[in-house]
**Student:** 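To start, I am sharing the structure in question, which I have written as structure tokens.
Remember, it's 1-based here, ligands and their atoms both numbered in the order they're listed. Here, residue 1 is the first one in the sequence, and each next residue gets the next number.
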Amino acid sequence: MTSYKELGLVNTKELFAKAMKGGYAIPAYNFNNMEQLQAIIQACVETKSPVILQVSSGARKYANATLLRNMARGAVEYAHELGYDIPIVLHLDHGDTFELCVDCIENGFSSVMIDGSSLSYNDNVALTKKVCEYAHAQKDYVTVEGELGVLAGVEDDVVAEKSHYTMPDEVEDFVSKTGVDSLAISIGTSHGRSKFTPEQCTKNADGILIPPPLRFDILAEIEKRIPGFPIVLHGSSSVPIEYVQEIEKYGGHLPNSIGIPEDQLRKAAKSAVCKINIDSDGRLAMTAAIRKVFVTKPEEFDPRKYLGPARDELKKLYMHKNIEVLGSANQA
Ligand code: G3H
Ligand code: 13P
Ligand code: ZN
């Protein structure tokens, strides 16, 4: 058993309380390899932002649980070495079983998500409550994120074809029965790079597709029912058109790539939304940089020569998010 405090990590409790007061959101960036982790830490240290390092069960299988635990420890030391100690959380993204949550907690995670959103309401309550009881009883309190409502798209092996919005009438009961520390809600975001079909969008004067706005009315209703309670937004990549174009310029094919506009996320970050999840944008940034090297330097075969530029592009992306979108810069 390794407690997260031994690794120098923190849970989300205090971070969310500060984010709620300050009107910003903590970035939750997914990672599964060294270059992604380097980029996240460099960007968050340089912008003095707290950060949630997010690991899906797929990422854990890919990278290995022991390596991940030690990478998180290394991330804390690396930030220190870079000259600024930012608060770092290690969080399980979309945990689907009690056993997986326990395994992560025993391996140094300071926060877990139990995603019972595909279950019936009562089964979601029961599973989330069980995870909370276990996580909160640890010597060092581990925070738990639950989810109500369904996001469209792929969450590890779970594919939801259709989303359904979170029902404000359920949130108070869910939070009080389960004891969760934060709640992921569905208000129009979804996972992956195709969040909307072109038919769902309108065109502006320049012919650019504008997606439908997020359901801030539902968010406001939820805030009324559970005032001051930390809300989480999944599926919050903006799918920057520049990356999509760069990828396609260098041989990729990503039709119908449409994300959440940054102004919508900026607005959300000022509300009770305290954590914003971003994975797909990082994938796009890396892929664009790597494809460019492959096509423009066909003689190159040293992985550092394409993973290095990918890492630099990721860092740029995360700095931009912290400063311009989430407002987490200078909050550490
Ligand atoms: O919500 C899902 C995240 O983007 C993680 O994706 O399960 O492919 O690692 P993954
Ligand atoms: P994106 O696919 O929009 O990056 O969402 C990531 C996410 O919600 C991880 O849990
Ligand atoms: Zn998610």
**Student:** Report, in ascending order of atom number, the atoms of ligand 1 lying under 4.0 Å from any heavy atom of Ser56.
**Tutor:** 5 (C), 7 (O), 9 (O), 10 (P)

**Student:** Examine the proximity of ligand 2 to Ser236 and report which part, side chain or backbone, both or neither, has a heavy atom under 4.0 Å away.
**Tutor:** backbone

**Student:** Less than 4.0 Å between a side-chain N and a carboxylate O, is that true for Arg193 and Asp281?
**Tutor:** no

**Student:** Is a donor on one side and an acceptor on the other found under 3.5 Å between the side chain of Glu221 and the backbone of Asp217?
**Tutor:** no

**Student:** Show the atoms of ligand 1 that are less than 4.0 angstrom away from any heavy atom in Asn30.
**Tutor:** 3 (C), 5 (C)

**Student:** Quick one: are the ring centres of Tyr29 and Tyr318 less than 6.0 Å apart?
**Tutor:** yes

**Student:** Answer with yes or no whether Arg60 contacts ligand 1, where contact means a heavy atom under 4.0 Å from a ligand atom.
**Tutor:** no

**Student:** Please check: side-chain N/O of Thr47 versus main-chain N/O of Ile323, any donor-acceptor pairing under 3.5 Å?
**Tutor:** no

**Student:** Under 4.0 Å, heavy-atom basis, I'd like to know which part of Ile260 is in contact with ligand 2: side chain, backbone, both or neither.
**Tutor:** neither

**Student:** Determine, considering heavy atoms only, which of Arg283, Lys61, His191 sits nearest to atom 6 (O) of ligand 1.
**Tutor:** Arg283

**Student:** Side chain, backbone, both or neither: which applies to Asp93 and ligand 2 if a contact is any heavy-atom pair less than 4.0 Å apart?
**Tutor:** side chain

**Student:** Would you say Gly58 contacts ligand 1, with heavy atoms under 4.0 Å as the rule?
**Tutor:** no

**Student:** Are His94 and Gln54 close enough that a side-chain donor and a side-chain acceptor fall under 3.5 Å?
**Tutor:** no

**Student:** Report the atom name of the nearest N/O/S atom of His94 relative to the Zn ion (ligand 3).
**Tutor:** NE2

**Student:** Ligand 1 versus Asp93, non-hydrogen atoms closer than 4.0 Å: side chain, backbone, both, neither?
**Tutor:** side chain

**Student:** For Cys44, run the side chain to side chain contact (heavy atoms under 4.5 Å, CB included) check against Ile52, Val51, Leu53 and tell me which one passes.
**Tutor:** Val51

**Student:** Quick one: does ligand 2 sit under 4.0 Å from the side chain of His94, the backbone, both or neither, non-hydrogen atoms only?
**Tutor:** side chain

**Student:** Run through Ile260, Leu151, Thr189, Asn256 and flag the one making a side chain to side chain contact (heavy atoms under 4.5 Å, CB included) with Lys195.
**Tutor:** Ile260

**Student:** Relative to the heavy atoms of Lys195, which atoms of ligand 2 are at a distance of less than 4.0 Å?
**Tutor:** 1 (P), 2 (O), 3 (O)

**Student:** Given Gly282, Ser237, Gly235, which has its nearest heavy atom closest to atom 8 (O) of ligand 2?
**Tutor:** Gly235

**Student:** Do ligand 2 and Ile278 have nitrogen or oxygen atoms that lie under 3.5 Å from each other?
**Tutor:** no

**Student:** Which ligand 2 atoms, with their elements, are less than 4.0 angstrom from a heavy-atom of Gly192?
**Tutor:** 2 (O)

**Student:** Determine whether the side chain, the backbone, both or neither of His94 has a heavy atom under 4.0 Å from any heavy atom of ligand 1.
**Tutor:** side chain

**Student:** Need the ligand 2 atom indices (1-based, order shown) with element for anything under 4.0 Å from a heavy-atom of His234.
**Tutor:** 8 (O), 10 (O)

**Student:** Decide whether Asn277 and Ser236 meet the rule of one side-chain donor and one side-chain acceptor closer than 3.5 Å.
**Tutor:** no

**Student:** Step by step, work out the side chain to side chain donor-acceptor pair (under 3.5 Å) result for Ser117 and Asp115.
**Tutor:** CA-CA 5 Å; Ser117 63; Asp115 180 357; 2.6 Å; yes

**Student:** Do NZ/NE/NH1/NH2 and the carboxylate oxygens of Glu77 and Arg73 come within less than 4.0 Å?
**Tutor:** no

**Student:** Which ligand 2 atoms does Asn30 reach within 4.0 Å, using its non-hydrogen atoms?
**Tutor:** 9 (C)

**Student:** Going by heavy atoms in the side chains, are Pro27 and Lys321 under 4.5 Å from each other?
**Tutor:** no

**Student:** Taking Lys267 first and then Asp263, would you say they form a salt bridge - that is, a charged N and a carboxylate O separated by under 4.0 Å?
**Tutor:** no

**Student:** Between the Zn ion (ligand 3) and His234, which N, O or S atom of the residue is the nearest one?
**Tutor:** ND1

**Student:** Could you list the residues that satisfy ring pair (Phe, Tyr, Trp, His ring centres under 6.0 Å) with Phe294, not counting sequence neighbours?
**Tutor:** Tyr306

**Student:** Output the list of atoms in ligand 2 that are nearer than 4.0 Å to some heavy atom of Ser280, sorted by atom number.
**Tutor:** 1 (P), 2 (O), 4 (O)

**Student:** Among protein heavy atoms, which lies nearest atom 7 (C) of ligand 2, and at what distance?
**Tutor:** His191 CD2, 3.4 Å

**Student:** Enumerate the atoms of ligand 1 whose separation from the nearest heavy atom of Asp279 is less than 4.0 angstrom.
**Tutor:** 3 (C), 4 (O), 5 (C), 6 (O)

